[in-house]
Amino acid sequence: MDVLDVAARATATGPVCDACLGRLVADRSFGLSNADRGSALRVSLALRDDEDHEPVEMAECWVCEGRCVEFDAWADRAAEAVEGVEFATYNVGTRPPPLIEENEALLRADAGLDEDAGEPFKSEFNREVGKRFGRRTDTEVSFDRPDVQFTIDLAEDEVDAKVNSTFVYGRYRKLERDIPQTEWPCRECKGSGRQGADPCDHCGGSGYLYDDSVEEYTAPVVEDVMDGTEATFHGAGREDVDALMLGTGRPFVIEVEEPRRRRVDTDRLQSDINAFADGAVEVEGLRLATYDMVERVKEHGAAKRYRARVTFDADVDADALADAVAELEGATVEQYTPNRVDHRRASITRERDAYEVTAELDDPRHAAVEIRGEGGLYIKELISSDEGRTEPSLAGLLGVGAEVTALDVLAVEGEDEPFEREEFFRE
């Protein structure tokens with residue numbers, strides 16, 4: 001392909017601005033803008049043919065219809081759209097009018113080029129507006145989930161600015177029982193608080209089964225500090241409502257939508273949450289996280305350690321308990337969906353491993369049992385057998401009834417590696 005022949009055929013179609021001309025050979029001579037390429041082609045063509053050099057005003061271009069002169073104006077409009085929003089990365093997308101795309105196709109055909117030769121108008125518009133926007137705001141372009149994302153609709157003369165969510169990771173301890181991890185809407189009234197014209201008897205008209213939750217103690221504080229529009233709590237599994245979460249705590253991520261602030265003091269945020277929770281919940285290790293941390297928290301395989309207070313319905317001696325514990329340790333446990341959750345879980349048999357089990361009698365009817373098991377292992381049913389739905393179980397091996405009267409989660413740790421890997425955090 002001789003670029004001057006391409007230029008001659010293209011300019012013969014009518015007034016074509018330097019940017020549109022240069023875009024036809026955008027894969028040549030890196031380090032130049034398309035307007036630089038187009039200008040060089042026009043000058044070289046005039047010299048080759050010994051003709052007068054006749055520049056074309058961008059406003060007169062039949063291909064882009066003068067749009068290539070608007071890069072600065074659209075960069076200004078994008079900056080105005082996110083005024084007052086804190087961000088470090090951005091991306092720009094463009095919706096060209098259909099006529100411009102048709103004009104581009106015609107120009108390539110007339111110039112004797114393939115339909116995908118050079119660079120599309122849309123790509124140049126994204127890049128040129130993006131460069132100018134980055135200089136105005138001292139921020140960097142990103143093609144992997146930027147903080148803010150712009151869509152320029154040329155036909156509608158609009159710029160849409162999307163402020164992407166930001167994320168805070170940490171671990172929480174739940175220090176009081178009967179607090180769910182997230183808001184728990186009433187099943188009877190479906191969260192409305194009403195049954196017909198009357199307040200719902202089941203929830204007292206609140207719409208929720210519990211007044212407080214870990215989510216309510218944490219997410220609103222983060223949302224307020226980051227000046228977002230909404231906050232969502234994502235946990236690495238969840239403990240029973242009546243269980244404490246102690247020890248190293250449970251990993252979580254709070255997602256804040258449309259934040260106006262992203263760079264916050266996480267130590268101060270941690271103190272604010274702990275003061276607000278007033279001893280019911282405690283967080284630690286807060287860090288700013290990436291979008292990928294949500295999936296990691298929800299999907300990363302985790303082993304969990306529990307401490308259970310157990311009551312037997314008949315006397316148990318130390319030797320029998322030791323034998324039963326030895327049977328459970330290292331066992332693969334088959335658990336059919338427990339009675340207490342079968343209204344919200346699929347009725348299937350799950351296999352989970354019990355890695356470590358220890359137990360100590362307080363007296364013949366009471367014991368303290370510690371279990372380290374695979375994520376998803378139902379501990380209460382491992383103790384009680386759940387009417388035979390769990391095999392093996394402590395109750396089944398002892399041949400006596402056994403009930404968990406208090407359950408504490410002591411640790412939630414990654415099976416193969418920690419949750420806290422540096423690539424999932426940001427400065």
Side-chain angles (χ1 to χ4, degrees), residues 1-79 90-136 139-143 150-157 159:
M1 178 185 68
D2 185 278
V3 292
L4 292 183
D5 289 342
V6 169
R9 289 193 291 268
T11 55
T13 64
V16 178
C17 72
D18 289 343
C20 289
L21 182 59
R23 206 162 53 248
L24 296 175
V25 293
D27 56 344
R28 297 293 188 97
S29 188
F30 293 101
L32 296 174
S33 69
N34 286 330
D36 291 337
R37 292 186 182 93
S39 176
L41 285 174
R42 202 180 304 277
V43 170
S44 298
L45 187 61
L47 289 170
R48 187 194 73 174
D49 297 341
D50 193 17
E51 294 180 348
D52 292 341
H53 176 238
E54 296 181 359
V56 174
E57 296 293 331
M58 284 189 179
E60 298 174 358
C61 179
W62 73 268
V63 182
C64 71
E65 299 185 322
R67 293 295 190 173
C68 290
V69 78
E70 298 177 358
F71 299 146
D72 287 291
W74 282 104
D76 289 340
R77 290 180 64 174
Y90 68 91
N91 201 345
V92 176
T94 304
R95 291 196 191 103
L99 182 59
I100 290 181
E101 295 182 317
E102 292 174 12
N103 291 346
E104 275 206 293
L106 290 172
L107 180 65
R108 281 174 172 74
D110 290 342
L113 297 173
D114 294 336
E115 62 181 17
D116 60 350
E119 181 183 33
F121 167 84
K122 178 168 64 175
S123 297
E124 178 177 27
F125 211 92
N126 294 344
R127 183 183 63 257
E128 294 299 329
V129 173
K131 287 194 304 186
R132 289 159 172 79
F133 176 84
R135 289 196 293 265
R136 283 162 171 73
T139 55
E140 295 183 359
V141 67
S142 170
F143 301 101
F150 301 96
T151 301
I152 295 171
D153 192 324
L154 294 176
E156 298 296 328
D157 193 36
V159 57

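With rounding to the nearest 0.5 Å, the separation of CG in Asn126 from CZ in Phe121 is 9.5 Å. From Ser123, atom OG reaches atom CG of Asn34 across 10.0 Å, with rounding to the nearest 0.5 Å.
Every residue meeting the side-chain hydrogen bond (donor to acceptor under 3.5 Å, both in side chains) condition with Asp157, not counting sequence neighbours, appears here in chain and number order: Arg77. Residues that satisfy the ring-ring contact (aromatic ring centres under 6.0 Å, His included) test with Phe150, not counting sequence neighbours, are Phe133. With sequence neighbours excluded, the residues forming a side-chain hydrogen bond (donor to acceptor under 3.5 Å, both in side chains) with Thr139 are Thr137, listed by chain and number. Listed by chain and number, the residues in a side-chain hydrogen bond (donor to acceptor under 3.5 Å, both in side chains) with Ser44 amount to none (sequence neighbours excluded).
Arg136 has a carboxylate O that lies under 4.0 Å from a charged side-chain N of Asp72, or vice versa, which qualifies the two as a salt bridge. Under a 4.0 Å N-O distance rule, the pair Arg48/Asp5 qualifies as a salt bridge.
Environment of NZ in Lys131: crowded, with over 12 heavy atoms of neighbouring residues, nucleotides or ligands closer than 6.0 Å. No more than 12 heavy-atom neighbours from other residues, nucleotides or ligands sit within 6.0 angstrom of CZ on Arg95.
In this structure, Thr94 and Val129 have side chains that are not in contact, with every pair of non-hydrogen atoms separated by 4.5 Å or more.
Residue pairs meeting the salt bridge (charged side-chain N to carboxylate O under 4.0 Å, His left out) criterion with at least one member in residues 98-109, sequence neighbours excluded: Arg23-Glu104, Glu104-Arg108. For residues 5-54, no residue pair satisfies the ring-ring contact (aromatic ring centres under 6.0 Å, His included) rule, not counting sequence neighbours.
With Asn103 contributing its side chain and Cys64 its backbone, the two residues share no donor-acceptor pair below 3.5 Å. Asn91 places a side-chain N or O within 3.5 Å of a backbone atom of Ser142 that can act as its donor or acceptor partner. Side-chain atoms of Ser39 do not come within 3.5 Å of backbone N or O of Asp36 as any donor-acceptor pair.
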